Amino acid sequence: MTDILCKWLNEDVKLQQKIEAANFAKAFGSGYLLGELMSKYGLQEDFKSFSPGTNTDAKLNNFSRLEPSLRLLQVPFNSNIVSDVMREKPGAVTKLMYQLFIALNRKEQQKLTSHAMEAMKSSQKMTLETANAEFYQNRLRQQFSSTSSSRHGRIS
């Protein structure tokens with residue numbers, strides 16, 4: 001599966017960094033290349049605000065910016081998934097990237113723009129999603145802060 005995704009990312013999408021199966025999870029752990037991918041599909045207009053850094057603040061910035069775009073594609077994305085991707089948990093990035101591969105191909109086949117996709121949503125659902133986005137950002141910060149604190153506490 002990872003080899004197929006690498007071929008798609010390197011040959012079709014042409015990300016700025018070559019993606020190899022051996023560094024697949026690490027390549028996407030900061031969220032930066034996910035932002036580039038979404039930008040290439042016209043779904044991440046704020047890609048210039050993404051950080052290529054790998055520190056916690058950069059990762060939180062990037063993943064917070066990705067959440068609305070992934071929600072628009074109806075790709076499952078929550079603080080647990082983000083946490084697994086940020087920690088480069090085996091299989092987490094591959095699963096997310098496969099879901100993105102399917103969703104982005106569906107978008108291309110249907111020739112949908114991000115504006116057309118957004119217009120298809122009802123305003124009531126958008127209000128709920130705005131509240132969910134705020135909850136998501138707060139949950140992600142709390143979850144990552146507690147993990148960082150516990151890691152620092154164990155160092156002797």
Side-chain angles (χ1 to χ4, degrees), residues 1-121 125-126 129-130 132-137 139-141 143-145 147-148 151:
M1 175 65 63
T2 304
D3 291 332
I4 293 168
L5 293 170
C6 287
K7 183 177 179 184
W8 168 61
L9 294 164
N10 292 324
E11 295 177 15
D12 297 340
V13 179
K14 297 180 181 165
L15 294 177
Q16 63 181 313
Q17 176 183 326
K18 183 173 175 156
I19 308 300
E20 297 176 5
N23 72 345
F24 197 73
K26 187 170 186 64
F28 292 97
S30 74
Y32 183 80
L33 290 178
L34 283 166
E36 182 186 352
L37 171 65
M38 300 300 278
S39 175
K40 286 188 177 265
Y41 279 86
L43 294 166
Q44 201 67 51
E45 294 174 4
D46 65 347
F47 180 62
K48 290 182 180 182
S49 297
F50 275 64
S51 172
T54 58
N55 63 35
T56 301
D57 288 338
K59 290 178 179 185
L60 289 172
N61 171 62
N62 295 345
F63 281 103
S64 292
R65 292 179 181 285
L66 282 166
E67 192 267 339
S69 300
L70 292 171
R71 184 174 10 94
L72 186 64
L73 287 171
Q74 298 177 333
V75 171
F77 196 70
N78 59 42
S79 60
N80 293 326
I81 292 169
V82 171
S83 179
D84 289 347
V85 171
M86 289 169 92
R87 290 185 178 90
E88 302 166 19
K89 183 177 175 184
V93 172
T94 303
K95 182 177 179 180
L96 175 61
M97 293 305 293
Y98 179 71
Q99 291 170 332
L100 266 174
F101 173 76
I102 298 298
L104 290 170
N105 280 317
R106 183 176 58 238
K107 175 192 175 299
E108 289 290 298
Q109 288 173 352
Q110 295 174 351
K111 298 182 183 348
L112 294 174
T113 65
S114 61
H115 298 294
M117 293 172 73
E118 197 69 54
M120 292 184 331
K121 294 181 172 185
K125 186 175 180 184
M126 290 173 76
E129 288 176 348
T130 301
N132 285 341
E134 289 176 20
F135 174 77
Y136 159 81
Q137 290 174 0
R139 173 85 170 112
L140 185 57
R141 286 192 187 285
Q143 189 171 7
F144 214 81
S145 294
T147 303
S148 296
R151 264 195 256 152

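If you're wondering where the values come from, they're calculated on a predicted model, not measured in any experiment.
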(request) Identify, with sequence neighbours excluded, every residue that meets side chain to side chain contact (heavy atoms under 4.5 Å, CB included) alongside S51. (result) A58, N61, N62
(request) Please answer whether the main-chain N or O of F77 pairs with a side-chain N or O of Q99 as donor and acceptor at a distance below 3.5 Å. (result) no
(request) First locate atom CD of Q74, then atom CD1 of I102, and finally report the distance between them rounded to the nearest 0.5 Å. (result) 14.0 Å
(request) Grab the two heavy atoms, one from A21 and one from C6, that are nearest each other, plus how far apart they are. (result) N-SG, 3.5 Å
(message) Show the nearest heavy-atom pair for residues N23 and E20, with the distance to one decimal.
(response) OD1-O, 2.6 Å
(request) Report the distance from atom CG of D84 to atom NZ of K95, rounding to the nearest 0.5 Å. (result) 9.5 Å
(request) For G35 and Q44, work out which heavy atoms get closest and say how close. (result) O-CB, 3.8 Å
(message) Contact between L37 and L104 at the side-chain level, heavy atoms closer than 4.5 Å - yes or no?
(response) yes
(message) Can you tell me how far apart CZ (F24) and CE (M1) are? Round to the nearest 0.5 Å.
(response) 10.0 Å
(request) Applying side chain to side chain contact (heavy atoms under 4.5 Å, CB included), name anything that partners K26, two or more places apart in sequence or on another chain. (result) E88
(message) Do E36 and L33 make a side-chain contact, defined as non-hydrogen atoms from C-beta onward lying under 4.5 Å apart?
(response) yes
(request) Classify the angle between the aromatic ring planes of W8 and Y41 as parallel (below 30°), tilted (30 to 60°) or perpendicular (above 60°). (result) tilted
(message) Counting only heavy atoms not in F47 (residues, nucleotides, ligands), do more than 12 fall under 6.0 Å from its CZ?
(response) yes
(message) I'd like to check L9 versus M97 (side-chain heavy atoms, cut-off strictly below 4.5 Å). Are they in contact?
(response) yes
(request) With rounding to the nearest 0.5 Å, note down the distance linking OG in S30 to CG in L60. (result) 11.5 Å
(message) Looking at every non-hydrogen atom in both residues, tell me the closest pair between N10 and Q17 and how far apart they are.
(response) OD1-O, 4.1 Å
(request) Take L73 and R106 through the test side-chain contact (heavy atoms from CB on, under 4.5 Å) and record every step on the way to the result. (result) CA-CA 9 Å; L73 287 171; R106 183 176 58 238; 5.5 Å; no
(message) If I take atom NZ from residue K7 and atom CG from residue L5, how far apart are they, to the nearest 0.5 angstrom?
(response) 12.0 Å
(message) I'd like to know if the side chain of K40 reaches the main chain of K14, judged simply by a donor and an acceptor atom lying under 3.5 Å from each other, with no hydrogens or angles considered.
(response) yes
(request) Of all the heavy-atom pairs spanning M38 and L100, show the shortest one and how long it is. (result) SD-CD2, 3.7 Å
(request) For residues L34 and F63, determine if any side-chain heavy atom of one lies less than 4.5 Å from a side-chain heavy atom of the other. (result) yes
(message) Can you tell me how far apart OG1 (T94) and CZ (F101) are? Round to the nearest 0.5 Å.
(response) 13.5 Å
(request) Side-chain contact test, heavy atoms from C-beta onward, threshold under 4.5 Å: evaluate it for L66 versus V82 and give yes or no. (result) no
(message) Do L96 and F28 have side chains that approach each other closer than 4.5 Å (heavy atoms only, starting at C-beta)?
(response) no
(message) Show the nearest heavy-atom pair for residues R65 and D46, with the distance to one decimal.
(response) NH1-OD2, 2.8 Å
